[in-house]
2 protein chains.
Amino acid sequence: MRSIGGVLNGNNLDQVRRGNLSTVLGLVHTNGAPSRAWLTRETGLNRSTIAALVAELVQLGLVVEAGWDQTNQVGRPSPIIRASGKRIAIAVRPELDAIDIGLVALDGTVIRRVHRETERAPTAREAVDIAAAEISELLGDLDASYRPVAIGLVVPGLVRESDGLVSIAPHLGWSDEPVAVMLQEATGLDVYSANDANAGAIAESTFGAGRGVSELIYLNGGASGIGGGIVIGGDLLRGANGFAGELGHTLVNSAGIACHCGSSGCLETEVSRQQLLEALGLSIGDAERLDDVLLAAFAPGATVPSALAELVERQLGFLAIALGNATNLFNPRMIVLGGFLGSLYGAAPGVLDEAIRHHAMAATRDGLVIQRAALGSNILMIGAAELAFADLLGNPA
Amino acid sequence: MRSIGGVLNGNNLDQVRRGNLSTVLGLVHTNGAPSRAWLTRETGLNRSTIAALVAELVQLGLVVEAGWDQTNQVGRPSPIIRASGKRIAIAVRPELDAIDIGLVALDGTVIRRVHRETERAPTAREAVDIAAAEISELLGDLDASYRPVAIGLVVPGLVRESDGLVSIAPHLGWSDEPVAVMLQEATGLDVYSANDANAGAIAESTFGAGRGVSELIYLNGGASGIGGGIVIGGDLLRGANGFAGELGHTLVNSAGIACHCGSSGCLETEVSRQQLLEALGLSIGDAERLDDVLLAAFAPGATVPSALAELVERQLGFLAIALGNATNLFNPRMIVLGGFLGSLYGAAPGVLDEAIRHHAMAATRDGLVIQRAALGSNILMIGAAELAFADLLGNPA
DNA sequence: CGGTTTTGTTGCCTAGAAAAACATATCAGT
DNA sequence: ACTGATATGTTTTTCTAGGCAACAAAACCG
């Protein structure tokens, strides 16, 4: 049985309408403020159909018609469609020493953003309680025209897709914590949960460096290790249980050191931010200066200390092994590097390009583009919001 | 722009009809001979709609209504729908010392199969000429009621999706050969081309060990190396250019030997059939006995020579590294092993299972099933036929 | 043999997209 | 400013395809 994910089958007419509403809302959400005429061209649907679909979305409070196309072209101007600024997603992101919470509207504006520091890594219970309290306060400040849609919860760890169970988040010390359910119970809002790098991959492929690229690999280097997210056909690769994308645990060194995952020589153990900070003489507190300092050290004309050059070259070599393997497996159009991996690449792009030439087959890397991530510090807010909006975007009615 | 593969968008009624025809034909093709009532349940469509869809498919000559459900249940019997035995795909498969050609009907029956030996590896030109001559003869033998749909060409090498160019087929000595175009010109038939392991993955996931499994990895060990195919959401992973799935070129040994791909320590160089044949005292001509001999050597109660035991254990160890990496990346539901990799696994399944436990994270391998391939020697005929039928199944009208 | 159950068959209904005709708003050229 | 060309919104009509309900048919059961 070619049961596609178990949910195959008969299209009926309802699904046509639902699909078209979803397509239009998605285009509006992703493209900022297109005109009705643009939507007509882009979807291939009839003018009158687009008019009806937009009218229904306006009725649902999901979009507004605001102003007219200012393109100075002949012909009657077409109204601009904007996603509602009143439907909001709540982004929640527990970190090692803080919890980030933000409100993001369907039109992409970040309405509020708070950073609640904690003395130590919060337990799941503490994270949920702090988030719930903060959410309650943030929503209380808004007038009644704003409506929360859902919560997007982004966790630095492995998250099961079916129920949002955090299987393991080594750096927070969590294991088998039903955080999504706990947060749902504490707030009464639906919670959509995912791994942080997966959320980052969604964000970069929808709004960032990978905009419009349907086959890409996103790899992020953070304080707590290396995480990956893979986009195929424009959708995040989730795998059987939602744990896909763990590129940080690719073997890159047979003689490597033990990894917390139980294996050894993983990319995550061989390439770490800590080594870079030490080589640059920076403390953990200075981590946010890493990019500037590293790029300055490798600026044209600068003399790079040999120990630093060696470290960077070695780390890029290991990175190239993991990316080469992944390129042979996925044949991606683009690789997007975030966090300190982006800094590493920025320092010596030629080194990585050349090493990948060695480790990936000529055919699978043909046309491959490597880029640094484009979204900066907002990436996880945006990714979390996309998680929260996904159901609404898929079925607006 | 969330342009999904560039072909997004508006569903209109035509697409609903096309999709439903495709769904029904696909279910009939994949499930042998279902009843109309079963199709109704499976698709969720209305009885009358299924009746109309089936009638149209009958009209198109793609299915026949033949006999009635013999299930001895209450109620009016439902007619059985069979795929046509007259619409045929032509499977072509160049090998090191032969060219295999087969005719496979839409109902799955293999109508003809010929094995044309060659003195040496054929050039692309030779392969095309032999195949074209053989196809002409095979089709000439059939009466006019048979209609060829297309040719499915399966090549042991990297095949570009857009135009079927064989980028490289190291063991045939081909590079940048437009074989699909050549075969199209020689026969006048459409040619759909793919890598052999990719075709194997399609076959095993549609009709073999992975039937109904929508997230699986297929890995095949042959005389000419190790090839892989990855199925995600029920569809073959193709990547940006169609080269995805090259699991044979995953790094498994940092101190490994050079690979023809330009890298070193690849799975394909560290694990080869040749080593196994030598350890078992078999010649290349005896390769087909490998499975029997190896399994006999490891049969319960047998004493395994230590050199052989070590080799098998080492090879399974390397295999586990590649599969562990892939498991962390894809979080598959199943891994299917074909060719000598299936034999290796059959000899000592516990060794591989244990090694994968070590190399894949607990979450990503949760619920993972490892199986030997089920389709045997017909796998590439079936895979090639699926390639040829894919367009028809996607758009029957 | 009549009752029950399941499914095929037929005719009607409705949702929704396309198409066509008309209206409107802009630009370009005089 | 006026006129024509162009693009797009608006309204009405048409058509397609799937759902639904009523009826017919073919099996099993007691």
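This structure is a prediction, so every number in the text was calculated from the model and none was measured.
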Just how far, in rounded Å, is P of D:dG9 from CG of A:Asn46? 11 Å
So B:His29 and B:Phe207, would you call those rings parallel, tilted or perpendicular, with 30° and 60° as cut-offs? perpendicular
Figure out the CD/P separation between A:Glu56 and C:dA15, and round it to whole Å. 12 Å
At what angle, to 10 degrees, do the two end axes of the helix from C:dC1-D:dG30 to C:dT30-D:dA1 meet, given five pairs define each axis? 10°
I'd like to know whether A:Ile202 forms a side chain to side chain contact (heavy atoms under 4.5 Å, CB included) with A:Leu387, so could you lay out the CA-CA distance, the side-chain angles of the two residues, the decisive distance to 0.1 Å, and finally the verdict. CA-CA 9 Å; A:Ile202 293 173; A:Leu387 291 176; 4.0 Å; yes
Of all the choices, D:dG18, C:dT7, D:dT8, which nucleotide is nearest to the side chain of B:Val16 once you look at every atom? D:dG18
Run the side chain to side chain contact (heavy atoms under 4.5 Å, CB included) check on B:Leu27 and B:Glu42 step by step: do they pass? CA-CA 9 Å; B:Leu27 286 170; B:Glu42 195 67 13; 4.0 Å; yes
Result block: side-chain N/O donor-acceptor pairs under 3.5 angstrom for residues 103-112 of chain B, not counting sequence neighbours:
from, atom 1, to, atom 2, distance (Å)
B:Asp107, OD1, B:Thr109, N, 3.1
B:Asp107, OD1, B:Thr109, OG1, 2.9

Rounded to the nearest 0.5 Å, what's the gap from CD1 on B:Ile217 to CG on B:Leu237? Could you check? 10.0 Å
Look at the side-chain N and O atoms of A:Asn20 and state whether any lies under 4.0 Å from the OP1 or OP2 oxygen of C:dA17. yes
Using atom CD1 of B:Ile50 as one end and atom C1' of C:dT6 as the other, report the distance to the nearest whole Å. 16 Å
Expressed in angstrom and rounded to an integer, what is the separation of B:Ile80 atom CD1 from D:dA27 atom P? 13 Å
According to salt bridge (charged side-chain N to carboxylate O under 4.0 Å, His left out), who are the partners of A:Arg82, at least two apart in sequence or on a separate chain? none
Listed by chain and number, what are the salt bridge (charged side-chain N to carboxylate O under 4.0 Å, His left out) partners of A:Asp163, not counting sequence neighbours? A:Arg160
Starting from C1' on D:dA17, measure out to CZ on B:Arg17 and report it in whole angstrom. 7 Å
On DNA chain C, check which nucleotide each of B:Ala37 and A:Ser48 is closest to and give me the residue with the more 5' one. B:Ala37
Nearest-Å distance for atom pair CH2/P, residues A:Trp38 and D:dT8: 14 Å
For atom CD of B:Glu42 and atom P of C:dT7, their distance in whole Å: 14 Å
Expected string for nucleotides 22-30 of chain C under the B/S/- scheme (protein heavy atoms, under 4.0 Å, primed atoms plus P, OP1, OP2 as sugar-phosphate) is -BBBBB---
List the atom pairs, with distances to 0.1 Å, where a side-chain N or O of residues 51-66 of chain A and a protein N or O form a donor-acceptor pair under 3.5 Å, not counting sequence neighbours.
from, atom 1, to, atom 2, distance (Å)
A:Glu56, OE1, A:Arg17, NE, 3.1
A:Glu56, OE1, A:Arg17, NH2, 2.7
A:Glu65, OE2, A:Arg36, NH1, 2.8

d(CG, B:Leu53; P, C:dG8) in whole Å: 13 Å
Using only side-chain N and O atoms of B:Thr49, determine if any of them is under 4.0 Å from OP1 or OP2 of D:dA17. no
Between OG of A:Ser162 and CZ of A:Arg238, what distance do you get to the nearest 0.5 Å? 11.5 Å
Would you indicate what A:Arg18 reaches in the nucleic acid, counting non-hydrogen atoms under 4.0 angstrom: base, sugar-phosphate, or nothing? nothing
